[in-house]
Amino acid sequence: MNADNNTPVNFIENIIEEDIQTGRYGGSVNTRFPPEPNGYLHIGHAKSICLNFGLANKYKGLCNLRFDDTNPIKEEEEYIESIKEDVRWLGFDWGDRMYYASDYFEKLHEFAVKLIREGKAYVDDLTADEIRGHRGTLTEPGRESPYRNRSVEENLELFERMTRGEFRDGERVLRAKIDMSSPNLNMRDPVMYRILHASHHRTGDKWCIYPMYDFTHGQSDSIEGITHSICTLEFEDHRPLYDWFIKALGIYHPRQIEFARLNLTHTVMSKRRLLQLVERGYVNGWDDPRMPTISGLRRRGYTPESIRTFCERIGVAKRDSMVDSAFLEHCLREDLNKRAPRMMAVLKPLKVIIDNYPDELTEELEAVNNPEDPSMGTRKVPFSKFIYIEKEDFLEDPPKKFYRLAPGREVRLRYAYFIKCTDVVKDKVTGEIIEIHCTYDPSTRGGDAPDGRKVKATLHWVSARHAFNAEVRLYDHLFLMDNPMDDRDGLDFLEKVNPGSVEKLISCMLEPALKEVEPGYRCQFERLGYFCADIVDSSENNPVFNRIVPLKDTWAKVQKSQGQ
RNA sequence: UGGGGCGUCGUCAAGCGGUAAGACACGGGUUUUUGGAGCCCGCAAUCGGAGGUUCGAAUCCUCCCGCCCCAGCCA
């Protein structure tokens, strides 16, 4: 939380400030966010995006958006648009600096030729299996390929023929000549180029050989003048290789720094598992409101501000960690509490008849739009003889500590009147409560009793004649347990998807002010939580609201502790 | 039994030789026309363990223990 002074807040900023002190990069700080366009961004990426753009911003540098598109088989145009949209939505701007690793294919090829010329790279005819066999193991050194010592001329010619497409996929590769006995497997003559007769989303069929990540990333950083190349922990082992290529090429040398990726409780974060959830129909697409994807969070109703705050506050370090999703929710509520207008909606309606209220009368009662922010003003809410309250706000036989409505008990209707329950009408057959009768005290209009008497509860409500029907979808965690990947229960994570992670309610009654809101509109339904008009399914004829997050619920806690 | 990392409250996380920040969660109180929000208070005699150096160590050294990553022509 030192955003406005210059104190470093994490180890990366420490490193950067040290580099600024020593003038290592002439005092400049340039970063990049380098997604591979093979899937949708999730909140783990948001951490990286906030970090990279945040650093550039803090140190007056630039952050590029760069698509790491070196594998035409896995990458698709579709993902590029979604990634751009997500980064923009999060609130970041790459200006005119949107790049593709494929922009550098020509240059990378020249680099490769240069290494061949210097005897630092060679064409290997071994098959993939043979290469694996020669690589050795974690504890045993690898063996050199019989093709390792070809002449520069032969290598040059072979590489040229690879480039021209004279060989089939997998027939040959270009390898760096480093050290087959290195304890770091990445240094055992890593593959630089492989043959892939596949057309690339940007370069089409121009190439049939494609560079590997290790031979691409550092050089791309170098070309773009990146100073600090920030990536996740699993690339720590690749840093020696990153440095080796740059040094061998004699080009500008950025610095790679690794940090721990984000893990969140109650969800999964890898692209592969997210893909499984989508493909096997556990969720309805990448933007399902239960998904931790940026598009899912957006559709759920999360604000970009809350996600940014979250990413700042969780910090950046190198130890593996699992952040409590309650913390994300806290950041969300904190943001929404200040900005979201309050509205009234009854999700599971129970009809209330106010016997002593005039049959035809409608009163317009004044309600505050946001108690946290008077500048948001007030609105009128219609009140009449027939209203709906929440089913769970009435109990015929209330337990201890239940403050809400019960026979003979008086409560306040928010911004309206005190009402007292006088009768309960039940279905003769099922015994189910159909409606209740109350009387109101006209002197309590607005919610205060002139005689100073108090009530223990305030209920939200909606006038039956004025409310409109809408669908409301209640979302909960995709997984009930903290870490669905913990397999000590012998279960696959897919078997653990929370069957109650979505509950669709179709008989909800909403106050009229909600009638014309746009998709994406967020507000608080008083006493229930924050809700958002669904950006995909909601329309004027078919309003659909998603619960973004419930309000904290002390009563639920009490019930739980009472062993309910 | 190779290499690279990491171990500070339930969860994140500051701390960089001078005597353990903060946040979330949790518990209690206060206030309240949302059992919401706010406010207050509590919550690590100790930093994975054991030795050592030092007037002084979470911070330096040694050994040990635990966890994560690496044997794709993925990124």
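No hydrogens, no waters, no symmetry mates; every other heavy atom, side chains included, goes into these values. A, B, ... follow the sequence lines: proteins, then strands. Residue 1 opens every chain. From a predicted model like this one, the values you see are computed outputs, not experimental measurements.
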Q: Taking the same atom, C1', in B/U59 and in B/C47, what whole-Å distance lies between them?
A: 10 Å

Q: Can you find a side-chain donor-acceptor pair between A/Glu258 and A/Gln256 that sits under 3.5 Å?
A: yes

Q: At under 4.0 Å between heavy atoms, how does the protein contact nucleotides 23-32 of chain B? Give one character per nucleotide, 5' to 3', with B, S or -.
A: SSSSS-----

Q: If you measure from the P atom in B/C6 to the same atom in B/A45, how many Å do you get, rounded?
A: 26 Å

Q: Measuring from A/Leu350:CG to A/Trp461:CH2, what's the distance to the nearest 0.5 Å?
A: 15.5 Å

Q: Using the C1' atom in both, what is the distance from B/G15 to B/C9, to the nearest Å?
A: 15 Å

Q: When you compare B/C74 with B/U62, how far apart are their C1' atoms, in angstrom units rounded to a whole number?
A: 41 Å

Q: Determine whether a donor-acceptor pair (one donor, one acceptor, N or O, separation below 3.5 Å) exists between the side chain of A/His238 and the base of B/A75.
A: yes

Q: Would you tell me whether A/Arg414 and A/Thr458 have side-chain atoms, one donor and one acceptor, within less than 3.5 Å of each other?
A: no

Q: When we call it a touch if two heavy atoms are under 4.0 Å apart, what does A/Val191 touch: a base, just sugar-phosphate, or nothing?
A: sugar-phosphate

Q: Can B/G72 be described as syn, meaning its chi torsion is within 90° of 0, or is it anti?
A: syn

Q: With a 3.5 Å limit on both atom pairs, tell me what B/G2 is paired to, counting Watson-Crick and G-U wobble, or say none.
A: B/C70

Q: Could you tell me how far B/U19 sits from B/A57 if I compare only their C1' atoms? Round to whole Å.
A: 9 Å

Q: Round to a whole Å and report the spacing from CZ of A/Arg547 to P of B/G36.
A: 16 Å

Q: Please say whether more than 12 non-hydrogen atoms of neighbouring residues, nucleotides or ligands are located less than 6.0 Å from CZ in A/Arg148.
A: yes

Q: Tell me: CD of A/Glu36 to P of B/C74, nearest whole Å?
A: 11 Å

Q: Among A/His460, A/Lys348, A/Arg404, find the residue that satisfies the side chain to side chain donor-acceptor pair (under 3.5 Å) test when tested with A/Glu390.
A: A/His460

Q: Could you tell me how far B/G38 sits from B/C60 if I compare only their P atoms? Round to whole Å.
A: 39 Å

Q: Just checking A/Asn38: base, sugar-phosphate only, or nothing, at a heavy-atom cut-off of under 4.0 Å?
A: nothing

Q: Given the C1' atoms of B/G18 and B/G27, what is the spacing between them in whole Å?
A: 34 Å

Q: So, OP1 or OP2 of B/C68: does either fall under 4.0 Å of a side-chain N or O from A/Arg261?
A: no

Q: Are A/Asp86 and A/Tyr40 linked by a side-chain donor-acceptor pair shorter than 3.5 Å?
A: no

Q: Rounded to whole angstrom, note down the P distance from B/C16 over to B/A58.
A: 12 Å

Q: Does the base of B/G35 carry an N or O that pairs as donor and acceptor with the side chain of A/Asp553 under 3.5 Å?
A: no

Q: Ignoring hydrogens and angles, does a donor from either the side chain of A/Arg319 or the base of B/U8 sit under 3.5 Å from an acceptor on the other?
A: yes

